[in-house]
Structure formats: C-alpha cells, structure tokens
Amino acid sequence: MNILLLYPEFPDTFWSFKHALKFVKKKAALPPLGLITVASMLPSAWQRRLVDLNVRPLHGDDLAWADIAFVSAMAVQQESAREVIARCKTAGVPVVAGGPLFTTGYAEFPEVDHFVLNEAEITLPRFIADLENDLLKRHYTAEEFPDLGLTPVPDWELLDMKQYASMAIQFSRGCPYRCDFCNVTALFGHKIRTKSSAQIIAELEGLRKRGWQDSIFFVDDNFIAHRAYLKKELLPALIAWRKANGVTNKFYTECSINLADDDELMTLMVMAGFNQVFIGIETPEATALQACGKQHNTSRDMLENIRRIQHAGIEVQGGFIVGFDSDTPSIFQKQIEFIQNSGIVTAMVGILQALPGTKLYERLKGEGRLLPHSSGDNADSNTNIVPVMDAELLRKGYREMMNQLYAPKFYYQRIRTLLQEYRPHQLKGRFRMSQFMAFLRSTVVLGVIGRERVHYWRMLAWTAVNRQQALPLAVTLAIYGHHFRKVCALHLKERQQATI
C-alpha cells in the first residue's frame, strides 16, 4: 500500500513567516507534525511519501504512485486543501482527511472519501482494520481521549529537514481553562494528558541524531498546565539530556500568563533551554476577559507579569483580540498602549472569530450573529461574527491599529523595550552560518532598501553598546517586522479590492 501524506499550503499570514524565511533560505517555519506522527502509526509494510506543499509542489508522479492520499489541515489552509483534494479526485486517488479543519468542518468537504477525525491514536487503528477487511466506513470519530503513552515518535525520515526553520514536538494535550472563543478543549478536552519524559527525550534524540541543532517548538496549547510533572520530571530530564549531549537547541512554547507566578518553574524552563513563550493576553479590558471566560488574566498586573517573565530570560510573544461585545472604539488605542509598554514585539492581534465547537460559536449561532464563512486567519481584518461595534468601524480601527503597531517607529521601539527588560540566560551556543547570512541580507533589505533603515541602524547600534549578547535576537526581530509589514500591506490591499 502506497500512502501519500499531503499537507496543504499556508496562505500569506502572520504565522507563515514567508517573508522572513527568505532571509534564512528556508521554505517553511514548521513541519507537519501531525502527519509525520500519523505516518509512524501506519503498518510497517506500507510505503509512505510526504508532500508538504509549503516545501515543494505536488507532482503528477506523486499521485500516480499513491494508492491512498491522507490530507491533514488547519482552518487557515482550507483553500489549498480544496485544491489538493480536487487533484487527488481527478487522478482517481481516494482521499482520507483528518486534523482540525475536518474534525469541526467535515460536512463542507463532500468529495472526501473517508474522514479519520478526533485523535488518531484511537480512530486511525479502526480505519486501518476496516481497510484491511474491506469494511470501510465514511466517518471515524471518538468521544474518548487517548493516553499519550500510545503516541509514537514522529517519522522524521519523511522530512527534508533543511527546508524548515524549526522542528516541533508535543508534550501534552488539553487545557484546564474555559475560554469561550478557543476550540482547544473541544478538540482535546480539559484534562491534561502528557507524554512521559522518556518519550520526549526519545523524540529529541531522534532529531539530534539526524543533526538538528536549531530551535524546537513544543506545540502544547498550555505547556505549564501540569506544573508538578514539569518540575519533578520533564524539565530535570531535559536539563540532564542537554548537559550529557552538549545540546544547544533552543525551545519555545505556548502557556498562560500565570507562568509569572512561579519563579522556580521559570528558572527550570530557562535551564532546560526555553527562551520564548507565546501567551494569550487577549485584551487589557477586564470586562471582556471575564465575559469570555479568561478569568486567569484578571486580578493581576499583566504588564508586570510580562516583565517578570522577560527578566527571567524568556521572551514573551502575545496574542490579542479586538471585537469583543464590550469593546468600544477606545479599545484600539488601549491595545496599542499596552503592547508598546509591554515590549511584546511579536504581537498577533486579530478580530474575534467564532470557531465551530466553541461556546462562543453556539451562543452567537443562537443569537443569529454568525456569518457564513471564516477564513481561519484571525489577522486578515475579517470576522464571521456580526459585532456589537459597527462592523466597518471595527475593521477600520483594526487596520489602523495594525498599521501603527508594525510601522517601523513603533515596532523598533518595542524591540528596544524588550531588550531593556530581557535577561537571557547564559546557555551554551554555537556559531551558525545561517544566522550570519541572515544578518548580511538584513543589512541590505532592511538597512539599505527598506524604509525602516534609520530605525534599523539605530537599533543595532544601541544593542551593540547596551545589550551585545542580544544582537542575534535584535536582528531576528527586525526580520520578523519586515514579514509583518508585508502581511499587513497585503491584507489592506485585499480589503480595498474587496470593497471596489
């Protein structure tokens, strides 16, 4: 059996980093972790071939080789997913689909032959058994959540690793919180399920033995949800593994802002190699936080919490939302001021969207406030919600806010604010030619051609004098800013064309 694993292309979005990847000569930010994990669950006698359309095109030879195509995607990849499925159907290749896009929206893809939904540790073995017995059904779903001890090491051999800027592994699934706009608990539940330390070390060893020395993303939705296990088991194991093998990889992940409450945990994370976290800040408005179920962000000084994390040696990236029912036109300036004061350079701001399976979706559906389509990209100035605020005022305020946040003057101010607060831990590092080449390219693209060239050189000069150790981070953030401005300009152009 020849299995073709297909990962659709990401559009030009905030998190695609397409314009930044050019500086390091990479094709994609991250590999399709779900698909290469599924590949390890398939019978050993089956042949596997991965086509990540973010790395290379799908060729006719690939389709001619395949007996079955497995397609996995997120909502933001839906346009490319439809194109890929259509090509498979034209070539006569049966399509099996899974992943977040299909788990919550399979009814929108009538051309798919079989859906293997929810978590593959449970539903994929059922599909395989039925396939081998010629008893295939169209839908495979599960109400229960699997023990992650069943999850195999991803099949790294399928990847062309040199095409990726970062690798990815997963430690846990689930989240204890009840944010009404988030579909994580709909997909993975509230109970935190974790892999063992031995599993994580085995995955990291697989990457190390294949020569991977760059960053690794722990794709958990809330890495710190099981603090006791982190402190007693995983983080000490990571620290010991790094020391025993001379590892220099840097790790990054997602977590909640209450990380700032635990000095011991922050210290252990930094010693284990973590230097960056993404935190869902959402809004500085307590009323909106209470209404959406994000109480753990209230009754605290979030700016001070962010500084505590930065002082510990961890850069904070942040997610922000406008368009809550309680938002007024003053929210745009409040968000700008909070983000500027926080030193969160990578600030992903989106208009609130209602994802299928969430409490927000069900509430707005009952209120008749859902629009028929969502792009899956919450940073494209669109929404599938009929907002309380005037819709055009919301879009206009959002676009102006993004243009200001990522204008060179304000963006480079945030880099300096971050570097003033950030206290990187002295971890063993290594010289990387790719970083040096990225710096050289940035001096031309940003320092000579770019309209931000004055801000770029001022920032580098200040960093060289005051935070010399942080120069690589400063250059990286400058390159990210180039990407973010490109994306903002693209979305503004698309919006203008849509209104003509």
Side-chain angles (χ1 to χ4, degrees), residues 14-15 17 19-20 23 252 254 257 259-260 275-284 297 301-322 331-350 379 397-424 438-439 442 445-447 450-489 491:
F14 189 95
W15 288 120
F17 287 105
H19 304 286
F23 287 80
Y252 60 110
E254 302 178 42
I257 197 167
L259 170 65
N275 69 341
Q276 187 182 89
V277 294
F278 177 88
I279 296 175
I281 306 294
E282 318 314 354
T283 176
N297 278 25
D301 184 339
M302 288 197 289
L303 283 174
E304 178 57 30
N305 288 174
I306 292 164
R307 291 189 190 100
R308 284 178 62 84
I309 297 170
Q310 292 166 338
H311 290 170
I314 303 174
E315 180 201 348
V316 177
Q317 298 181 336
F320 300 86
I321 297 173
V322 294
I331 189 59
F332 306 111
Q333 186 58 36
K334 289 178 181 178
Q335 290 277 28
I336 289 170
E337 291 174 0
F338 183 96
I339 292 167
Q340 288 300 121
N341 291 333
S342 71
I344 294 179
V345 182
T346 304
M348 187 197 76
V349 189
Y398 172 77
R399 292 194 297 271
E400 292 175 350
M401 177 178 61
M402 292 298 284
N403 285 336
Q404 181 169 336
L405 284 172
Y406 286 102
K409 175 183 176 181
F410 294 94
Y411 186 80
Y412 281 89
Q413 280 178 358
R414 292 207 302 284
I415 294 179
R416 183 164 173 171
T417 299
L418 168 65
L419 297 183
Q420 287 172 331
E421 301 292 342
Y422 181 51
R423 301 290 182 269
F439 167 67
S442 75
V445 177
L446 309 181
R451 63 187 177 94
E452 70 264 44
R453 52 188 173 271
V454 172
H455 301 284
Y456 173 83
W457 290 115
R458 282 178 179 171
M459 181 271 296
L460 285 189
W462 182 90
T463 307
V465 172
N466 298 283
R467 293 288 188 273
Q468 190 173 16
Q469 186 184 354
L471 267 171
L473 174 61
V475 173
T476 298
L477 292 172
I479 292 170
Y480 285 178
H482 171 75
H483 166 76
F484 298 143
R485 281 188 289 279
K486 289 276 191 180
V487 172
C488 287
H491 286 163

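Not measured: the values here are computed from a predicted model.
At least one side-chain heavy atom of Arg467 sits less than 4.5 Å from a side-chain heavy atom of Arg423. In this structure the side chain of Thr463 never reaches within 4.5 angstrom of the side chain of Ile415, judged on heavy atoms. Considering only heavy atoms from C-beta on, Ile279 stays 4.5 Å or farther from Asn305 through its side chain.
Scanning both residues, Ala478 and Arg485, for their nearest heavy atoms gives O-NH2, 4.4 Å. The two atoms that bring Tyr480 and Ala20 nearest to each other are CD2-CB, 4.2 Å, heavy atoms only. For the pair Ile479 and Ala438, the tightest heavy-atom approach, listed with the atom from each and the gap, is CD1-O, 4.0 Å.
Residues satisfying the side-chain hydrogen bond (donor to acceptor under 3.5 Å, both in side chains) criterion with Lys334, sequence neighbours excluded, are Glu285. Applying the side-chain hydrogen bond (donor to acceptor under 3.5 Å, both in side chains) criterion to Gln310, with sequence neighbours excluded, gives no partner residue. Annotation: side-chain contact (heavy atoms from CB on, under 4.5 Å) contacts of Gln413 (sequence neighbours excluded): Gln340, Lys409, Phe410.
Between Phe278 and Trp15, the two ring planes are perpendicular [angle over 60°; tilted spans 30° to 60°].
Ring centroid separation for the pair Trp462 and Tyr412 does not come in under the 6.0 Å cut-off. Aromatic pair Phe484/Phe14: ring centres closer than 6.0 Å.
Although no hydrogens or angles enter the test, the distance criterion places no donor-acceptor pair under 3.5 Å between the side chain of Arg416 and the main chain of Met459. Judged by distance alone, with hydrogens and angles left aside, the side-chain atoms of His19 form no donor-acceptor pair with the main-chain N or O of His483 at under 3.5 Å. With hydrogens and angles ignored, the 3.5 Å screen pairs a side-chain donor or acceptor of Tyr411 with a backbone N or O of Leu477.
Screening Val345, Thr346, Asn341 for a side-chain contact (heavy atoms from CB on, under 4.5 Å) with Arg414, the sole residue that qualifies is Val345.
At most 12 non-hydrogen atoms from other residues, nucleotides or ligands lie less than 6.0 angstrom from CZ of Arg458.
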